[in-house]
Colleague: 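Take this structure first; my questions come after.
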Amino acid sequence: MVTDGGIADITALCGCDPQEWPAMGMVRLIRDFPDLRGRIEAALPALPLTPLDQVRLETPVPWPNKVIAYPVNYHAHGREMQAQYRATNQGFFLKPNSSLSGPADPVVLPAVPGREVHHESELAIIIGKECRGVSRDDWRDVVFGYACLLDMVVRGREERVFRKAYDSFCPVGPWIVTADAVPDPAQLDMKLWVNGDLRQSANTRDLVLDIPGMVATASAVMTLYPGDIIATGTPEGVGPVVDGDRIRIVIDHVGEMNVDVVQGELGMTEVFAESYVPQIVKQH
């Protein structure tokens, strides 16, 4: 648990085994949180605290059942990418769990010469309970909390999931803020900088498919489980990152995450052997 004074270890209170594989402890904590919360809050004053700068923060839910992502969910981003569809009529796609990384992990660029890798800043919704067929009016009942998320992508026209599935292409963090600590998720300012240059700035009120709609749409199709992550879509201002860059994302009431970008050696496939034509030109 993150407090004003640092981090408290609540592993024993939750009955988790830090060495288990796969790492399902956080999923069980989210599932059981309504029952555990009182016990955790009562124990916190007596627990030793470790300063944040002395720990390595990892992605909060390393093994969710799924990561659900909504494409083109801000009109301005749709216009800049010349997309004729929106999340309201396109639906969602899934990112693999293996693409998840944390605030202390770098984004590793694949070795795909001639292709740009773009940043996409997003709000992450963390599902709190198993559910199916959730109505728009009941969405709050199934949301555990929120986090910052970067949906990295190799820009192109090939299959979307393929271009977004690389390891480290879904940083989530720096922690999960429980839903009760976010006054209004439909009024959150979100900003992203690369090397101090402001690239993206928007508010969740501008979402095309709002948060109740995203929860309802996803749960209409499939069962949602504790720890499932919904990436809510990115606003305009997406752009390339290169080796040595530093990405900073800040979301009001949620947190701040700073991620380094490094060049990797893996990732080339025959799919990227030829340049895509015509080039994608952002519109303003």
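In this chain, numbering begins with 1 at the start of the sequence shown. Atoms considered below: every heavy atom in the structure, side chains included; atoms not considered: hydrogens, waters and symmetry mates.
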Colleague: Would you mind reporting whether Asn65 and Ile127 have side-chain heavy atoms less than 4.5 Å apart?
Modeller: no
Colleague: For the side chain of Thr234 and the backbone of Ser121, is there at least one donor-acceptor N/O pair under 3.5 Å apart?
Modeller: yes
Colleague: How many angstroms lie between atom CG of Asp9 and atom CG of Leu49, to the nearest 0.5 angstrom?
Modeller: 11.0 Å
Colleague: If you define the side chain from C-beta out and look only at heavy atoms, does anything of Val143 sit under 4.5 Å from Ile230?
Modeller: no
Colleague: In the structure I gave you, are the side-chain heavy atoms of Val182 and Leu188 within less than 4.5 Å of one another anywhere?
Modeller: yes
Colleague: Do the rings of Phe272 and Tyr166 sit parallel, tilted or perpendicular, given the 30° and 60° boundaries?
Modeller: parallel
Colleague: Using atom types as modelled and distance alone, determine if a side-chain donor or acceptor of Arg39 lies under 3.5 Å from a backbone N or O of Cys14.
Modeller: no
Colleague: Calculate, to the nearest 0.5 Å, the distance between atoms NZ and CG belonging to Lys129 and Asp32 respectively.
Modeller: 12.5 Å
Colleague: Give me the atom names and distance for the closest heavy-atom approach of Phe162 to Val271.
Modeller: CE2-CG1, 3.6 Å
Colleague: Measure from the side-chain N and O atoms of Lys95 to the backbone N and O of Lys164, and report whether any donor-acceptor pair falls under 3.5 Å.
Modeller: yes
Colleague: Is there side-chain contact between Ile176 and Met26, with heavy atoms separated by less than 4.5 Å?
Modeller: yes
Colleague: Roughly how far, to the nearest 0.5 Å, is CD1 of Ile40 from CD1 of Ile10?
Modeller: 4.0 Å
Colleague: Measure the spacing between CD1 of Ile229 and CG of Leu149 and express it to the nearest 0.5 Å.
Modeller: 7.0 Å
Colleague: Step by step, would you call Met152 with Val241 a side chain to side chain contact (heavy atoms under 4.5 Å, CB included)?
Modeller: CA-CA 10 Å; Met152 308 301 296; Val241 292; 3.8 Å; yes
Colleague: Hydrophobic clusters here meaning ILVMFWY residues chained together by side-chain heavy-atom distances under 4.5 Å, can you tell me if Ile126 and Leu36 are in one?
Modeller: yes
Colleague: Testing the basics here: between Pro103 and Val172, what is the closest heavy-atom pair and its distance to 0.1 Å?
Modeller: CD-O, 3.7 Å
Colleague: Evaluate side-chain hydrogen bond (donor to acceptor under 3.5 Å, both in side chains) for Ser135 paired with Asp137, printing each intermediate quantity in order.
Modeller: CA-CA 5 Å; Ser135 71; Asp137 292 339; 5.1 Å; no
Colleague: Show the numbers, then the answer: is there a side chain to side chain contact (heavy atoms under 4.5 Å, CB included) between Tyr225 and Arg31?
Modeller: CA-CA 8 Å; Tyr225 293 99; Arg31 179 196 63 186; over 6 Å; no
Colleague: Salt bridge or not for Glu120 and Arg155, using N-O below 4.0 Å?
Modeller: yes
Colleague: At their closest point, which heavy atom of Pro71 faces which heavy atom of Gln90, and how far apart are they?
Modeller: CG-CG, 4.1 Å
Colleague: Given 3.5 Å as the limit, does a donor-acceptor pair link the side chain of Thr59 with the main chain of Ser101, or not?
Modeller: yes
Colleague: Using a cut-off of 6.0 Å, state whether more than 12 heavy atoms not belonging to Glu20 lie near its atom CD.
Modeller: yes
Colleague: Under 3.5 Å, side chain of Arg132 to main-chain N/O of Ser219, donor-acceptor pair present?
Modeller: yes
Colleague: Check Asp210 with Arg136, please: is the shortest side-chain N to carboxylate O separation under 4.0 Å?
Modeller: yes
Colleague: Does some side-chain heavy atom of Ile211 sit less than 4.5 Å from a side-chain heavy atom of Leu123?
Modeller: yes
Colleague: In the single-linkage hydrophobic clustering (I, L, V, M, F, W, Y; side-chain heavy atoms under 4.5 Å), do Val242 and Met268 co-cluster?
Modeller: no
Colleague: Side chain of Asp197, backbone of Val194: donor and acceptor closer than 3.5 Å?
Modeller: no
Colleague: Within a strict 4.5 Å, meaning less than it, do heavy atoms of the Asp105 and Val259 side chains meet?
Modeller: no
Colleague: Got a second to check how far Glu116's CD is from Leu109's CG, nearest 0.5 Å?
Modeller: 11.5 Å
Colleague: Using the side chain to side chain contact (heavy atoms under 4.5 Å, CB included) rule, take Phe169 and Val117 through it: C-alpha gap first, then chi angles, then the decisive distance, then the call.
Modeller: CA-CA 10 Å; Phe169 267 30; Val117 174; 3.8 Å; yes
Colleague: Taking atom CG of Asp228 and atom CD1 of Ile30, what is their separation to the nearest 0.5 Å?
Modeller: 9.5 Å
Colleague: Do Thr178 and Phe144 have side-chain heavy atoms sitting under 4.5 Å apart?
Modeller: yes
Colleague: List the atom of Pro18, the atom of Thr11, and the distance in Å for their closest heavy-atom pair.
Modeller: CG-CG2, 3.8 Å
Colleague: Is any side-chain heavy atom of Met190 closer than 4.5 Å to one of Gln200?
Modeller: no
Colleague: Is the backbone N or O of Leu209 less than 3.5 Å from a side-chain atom of Asn73, with the two atoms forming a donor-acceptor pair by type?
Modeller: yes
Colleague: Are more than 12 heavy atoms from other residues, nucleotides or ligands located less than 6.0 Å from atom CD of Glu41?
Modeller: yes
Colleague: Looking at every non-hydrogen atom in both residues, tell me the closest pair between Leu207 and Thr232 and how far apart they are.
Modeller: CD2-O, 3.4 Å
Colleague: For residues Leu44 and Ile7: do they belong to one hydrophobic cluster (side chain heavy atoms under 4.5 Å, members Ile, Leu, Val, Met, Phe, Trp, Tyr)?
Modeller: no
Colleague: Between Val153 and Val112, is there shared hydrophobic-cluster membership here, with clusters defined by ILVMFWY side-chain heavy atoms closer than 4.5 Å?
Modeller: no
Colleague: Got more than 12 heavy atoms from elsewhere within 6.0 Å of CG, Asp53?
Modeller: yes
Colleague: Which heavy atom in Gly264 sits nearest to a heavy atom in Ala111, and how many Å separate them?
Modeller: O-CB, 3.9 Å
Colleague: Grouping I, L, V, M, F, W and Y whenever their side-chain heavy atoms are under 4.5 Å apart, do Val161 and Leu150 come out in a common cluster?
Modeller: no
Colleague: Test your reading of the model: is there a side-chain donor-acceptor pair from Glu122 to the backbone of Gly233, 3.5 Å cut-off?
Modeller: yes
Colleague: With a 3.5 Å distance limit and no angle check, can you tell me whether Thr204 reaches the backbone of Gln187 through a side-chain donor-acceptor pair?
Modeller: yes
Colleague: Just by distance, do the side chain of Asp189 and the backbone of Asn203 share a donor-acceptor pair under 3.5 Å?
Modeller: no
Colleague: Show the numbers, then the answer: is there a side chain to side chain contact (heavy atoms under 4.5 Å, CB included) between Leu192 and Ile247?
Modeller: CA-CA 7 Å; Leu192 180 142; Ile247 305 170; 3.7 Å; yes
